[in-house]
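Single-structure report; data block below.
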Amino acid sequence: MTSVLLLGFGAIGRHVAQLLSPELAAGTLSLTALVSDRAKHDGRPNHGAEVVDLPGLARLAGRADIDTSPSPRMFDGFDVIVECAGVPAAAQLGPSAIASGRPLVLTSVGALAAPEARAGLLAGPGRLHVTNGAIGGLDVLEAAAQADGLDTVEITTSKEASGLIRPWMSETEAARLRDLRPEDGPLTVFTGNPAEAIEKFPANVNIAVALAWATRGLSAGTSDADMLGASLERVQVVIQAVAGQNQSAHRIRAAGSAGGFTFDIRSTPSPENPATSGLTALSVTRTLRSVIAG
């Protein structure tokens with residue numbers, strides 16, 4: 001039996017647990033979910049997962065010496081770690097999971113945009129598995145990038161206008177988004193690279209960083225961390241507000257000697273949370289199954 005630890009049990013984690021019901025029912029997989037506040041999950045369906053906080057995890061591991069600080073010892077007794085708790089938690093706990101030697105499936109890919117977290121997540125000995133999240137077609141772009149066949153890579157993401165209002169915006173900027181009407185068409189609120197986007201729109205950069213990861217390419221003697229750092233500066237990100245748009249939409253364009261590529265993705269919401277793409281949990285589950293299969 002494969003023992004899997006989920007870091008986080010929000011909309012994505014619960015959806016993943018639902019998708020793993022065949023393995024849970026067959027007894028080939030056990031699922032534990034680590035949460036910060038166990039009481040907040042009382043009364044919610046656990047979909048076959050054992051939901052624990054850090055003291056509960058220590059008891060499961062038989063390690064009384066586990067405290068509140070991230071440590072590789074936290075992951076004793078688990079075969080695979082799956083992060084689905086958000087960028088801050090991924091940056092805090094992910095490096096310890098990697099240091100434990102376990103494979104880590106990373107959902108909050110935006111954590112790789114921060115140099116310190118990126119170094120820890122790629123340091124080994126555990127292997128990092130980056131999910132594609134809410135977008136597809138990255139295997140084609142990865143192959144083209146590894147052959148040095150891409151010169152430009154761009155992603156345009158459009159979301160419902162009110163969902164892009166941020167605390168740093170002036171009242172005029174926020175009012176412009178609130179008052180946007182469908183007949184006004186798309187309003188561009190950001191143009192730049194993923195490293196810049198994470199400062200202003202942290203909730204919308206996971207897919208852009210996943211695209212940068214896929215198109216980092218290969219170079220002898222250059223680490224993945226350095227290649228990704230360069231890719232984060234190269235990929236161009238456009239974020240647009242569209243009034244009345246119920247689904248997130250992403251258009252990826254890439255071009256170079258390998259050819260021209262355009263992918264359009266429009267994802268349906270998660271059944272657990274309409275604000276989250278339903279494709280994310282599907283991608284995480286597929287990645288996890290690939291890791292287990294070896």
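Hydrogens, waters and symmetry mates play no part in the numbers below; they use all other heavy atoms, side chains included.
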Between [X] and [Y], what is the shortest heavy-atom contact and its length?
X	Y	value
R234	T215	NH2-O, 2.9 Å
A111	A91	CB-N, 4.2 Å
G8	A85	CA-CB, 3.9 Å
P22	L19	CD-O, 3.4 Å
E160	G244	OE2-N, 3.2 Å
V209	V109	CG1-O, 3.2 Å

Side chain proximity check, [X] to [Y], heavy atoms < 4.5 angstrom:
X	Y	value
E173	R176	no
I292	L288	yes
R44	N46	no
F261	L150	yes
L128	I98	yes
I239	K200	no
V238	I155	no
F78	T32	yes

Test side chain to side chain contact (heavy atoms under 4.5 Å, CB included) applied to Q240 and T156, step by step: CA-CA 7 Å; Q240 295 181 330; T156 299; 3.8 Å; yes
Hphob cluster co-occupancy, [X] + [Y], side-chain heavy atoms under 4.5 angstrom:
X	Y	result
V80	M1	no
L5	L54	yes
V242	L180	no
L228	L104	yes

N/O donor-acceptor pair under 3.5 Å between [X] side chain and [Y] backbone:
X	Y	answer
D79	T2	no
T285	A281	yes
S100	P72	no
S290	R286	yes
E199	E196	no
S283	T280	no

Pair T157, H250: side-chain N/O donor-acceptor within cut-off below 3.5 Å: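 Present: a donor and an acceptor within the cut-off.
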Polar side chain donor-acceptor pair, E83 to S108, under 3.5 angstrom: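 Indeed, the side chains of E83 and S108 share at least one donor-acceptor pair under 3.5 Å.
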Looking at residues at least two apart in the chain, or sitting in another chain, which of them share a side-chain hydrogen bond (donor to acceptor under 3.5 Å, both in side chains) with [X]?
X	value
Q245	S158
E183	none
R266	none

Test side-chain contact (heavy atoms from CB on, under 4.5 Å) applied to I12 and V82, T107, L6, the passing residue: T107
Charged N-O contact under 4.0 Å between [X] and [Y]:
X	Y	answer
E171	R178	yes
D76	R73	no
D224	R216	yes

E154 and its side chain to side chain donor-acceptor pair (under 3.5 Å) partner, picked from Q236, R251, R253: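 So the option named by the test is R253.
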Pairing residues for F190 by the ring-ring contact (aromatic ring centres under 6.0 Å, His included) criterion, not counting sequence neighbours: none
Please set out all donor-acceptor pairs under 3.5 angstrom arising from side-chain atoms of residues 112-126, sequence neighbours excluded.
from: R118; atom 1: NE; to: A225; atom 2: O; distance (Å): 3.4
from: R118; atom 1: NH1; to: L112; atom 2: O; distance (Å): 2.7
from: R118; atom 1: NH1; to: A113; atom 2: O; distance (Å): 3.3

H41 and F9 aromatic ring geometry - parallel, tilted or perpendicular at 30°/60° bounds: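 Judged by the thresholds at 30° and 60°, the geometry between F9 and H41 is tilted.
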For E23, all residues meeting salt bridge (charged side-chain N to carboxylate O under 4.0 Å, His left out), sequence neighbours excluded: R289
